[in-house]
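Worksheet for the structure shown next.
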Amino acid sequence: MKQRTLTNQQHIHTAIIMDGNGRWAERRGLPRNYGHRAGADAVRRVVKAAPELGIDTLTLYAFSADNWRRPEREVGSLFRLFHSYLLSETEKCVEHGIRLNVIGRRDRLTPTLLDAVMQAEDATAGGAALHLNIAIDYSARDSIMAAANLAAGGAGSREAFASAVALASNQKAVSFDVDLLIRTGGEQRLSDFMLWESAYAELYFTGTMWPDFGEADLAQALSAFHSRERRFGRIREAVAV
Ligand code: FPP
């Protein structure tokens with residue numbers, strides 16, 4: 001697990017908790033699923049903008065393992081949206097060199113969605129411009145627990161455990177460590193997202209609702225990130241050398 005200290009680094013792993021779809025819709029007197037649909041448009045904008053901003057891995061939190069507690073109707077419409085996103089975006093991902101991976105549990109996905117996931121992953125496997133992880137039925141705690149089981153009995157290194165966490169959540173990215181973690185929608189919590197990988201992530205919270213988030217907002221978050229000094233436990237003088 002390589003740690004990076006350059007303040008103007010490229011190859012940034014950005015993870016986003018895309019929050020605020022429901023409130024965005026409710027404020028407009030619309031059903032919540034309209035917010036999710038507008039959220040899918042924001043996903044398209046951000047994916048397009050990410051490589052130009054130096055992001056090489058983008059991990060988006062689309063559905064947590066706890067989101068199953070939402071009304072069945074909302075869950076159904078979210079999963080239909082994920083399916084149609086995979087169908088409509090795969091070709092564009094291939095065209096733009098985007099490698100797509102769905103991370104999280106797979107055993108609770110319908111066979112049709114799983115099929116679409118695997119087809120999208122196969123078709124985009126050669127992409128090198130951006131590694132796009134979409135977290136569906138994801139729980140960081142479950143991944144860490146699964147990794148602990150995988151690693152049981154061995155006094156493995158931190159790097160080996162990081163790979164086990166990645167394996168447990170189906171991540172295939174090169175940069176597992178999150179550099180910048182963004183949460184939209186005004187809340188300031190991690191909600192069981194990338195807990196291991198975010199040990200040294202810079203946190204960025206914004207009140208902007210996810211459907212309103214776009215390229216300029218992402219650029220602003222990146223600019224805040226570049227202004228931070230990342231010390232990884234060291235003192236300032238040591239970082240400068
Ligand atoms: C959180 O907002 C958002 C979600 C649980 C779903 C995220 C899904 C999308 C952005 C839709 C499309 C995604 C892809 C990958 C195509 P919320 O519903 O909790 O909002 P609230 O806090 O305002 O209620």
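We count ligands from 1, going down the list as the structure has it; atoms in each ligand are counted the same way.
- Ion pairing of Glu95 with Lys92 is absent here, as no side-chain N (NZ or NE/NH1/NH2) approaches a carboxylate O to less than 4.0 Å.
- The shortest contact between atom 11 (C) of ligand 1 and any protein heavy atom is with His36 O, 3.5 Å.
- Residue Trp210 touches ligand 1 through its side chain alone, judged by heavy-atom distances below 4.0 Å.
- Where the criterion is an N or O separation shorter than 3.5 Å, residue side chain and backbone included, Trp24 fails it with respect to ligand 1.
- Annotation: atom 15 (C) of ligand 1 to nearest protein heavy atom, Ile134 CG2, 3.8 Å.
- Taking atom 20 (O) of ligand 1 as the reference point, the nearest protein heavy-atom neighbour is Gly22 N, 3.0 Å.
- Here Val94 is tied to no hydrophobic group at all, with no ILVMFWY side chain closer than 4.5 Å.
- Among all non-hydrogen protein atoms, the one lying nearest atom 19 (O) of ligand 1 is Arg70 NH2, 2.7 Å.
- Looking at Gly20, Ala25, Ala40, it is Ala40 that brings a heavy atom closest to atom 12 (C) of ligand 1.
- Distances from ligand 1 to the non-hydrogen atoms of Glu89 include no value under 4.0 Å.
- Look at Asn67 and you'll find a heavy atom under 4.0 Å from some atom of ligand 1.
- With salt bridges taken as basic N to acidic carboxylate O contacts below 4.0 Å, one links Glu121 and Arg106.
- Annotation: atom 3 (C) of ligand 1 to nearest protein heavy atom, Met18 O, 3.1 Å.
- With respect to Arg231 and Glu229, a salt bridge is recorded, a charged nitrogen being found less than 4.0 Å from a carboxylate O.
- Taking a cutoff of 4.0 Å between a charged side-chain nitrogen and a carboxylate oxygen, Arg45 and Glu215 do not qualify as a salt bridge.
- Among protein heavy atoms, the minimum distance from atom 13 (C) of ligand 1 is reached at Phe82 CE2, 3.8 Å.
- Of all the heavy atoms of Leu81, the ones lying under 4.0 Å from any atom of ligand 1 belong exclusively to the side chain.
- Of the inter-residue distances, the one linking Leu113 atom CG with Phe82 atom CZ reads 8.5 Å to the nearest 0.5 angstrom.
- The single protein non-hydrogen atom nearest to atom 22 (O) of ligand 1 is Asp19 OD1, 2.9 Å, given as residue, atom name and distance.
- Between Arg23 and Asp19 there is a salt bridge, since a side-chain N of the basic residue sits under 4.0 Å from a carboxylate O of the acidic one.
- Residue-to-ligand polar distances place Asn21 within reach of ligand 1: an N/O pair is separated by less than 3.5 Å.
- There is a path of hydrophobic side-chain contacts, each under 4.5 Å, that joins Leu86 to Met118.
- Taking CG of Leu180 as the reference point, atom CG of Leu222 lies at 6.0 Å (rounded to 0.5 Å).
- Residue Arg32 places a heavy atom less than 4.0 Å from ligand 1.
- Evaluation of the salt bridge (charged side-chain N to carboxylate O under 4.0 Å, His left out) test over residues 137-148, restricted to residues two or more places apart or in two chains, returns Arg108-Asp137.
- Scanning all protein heavy atoms for the shortest distance to atom 6 (C) of ligand 1 gives Ala62 O, 3.2 Å.
- A donor-acceptor pair under 3.5 Å links the side-chain atoms of Tyr61 to the main chain of Ser191, judged by distance alone.
- Residue Arg23 places at least one N or O, backbone or side chain, under 3.5 Å from an N or O of ligand 1.
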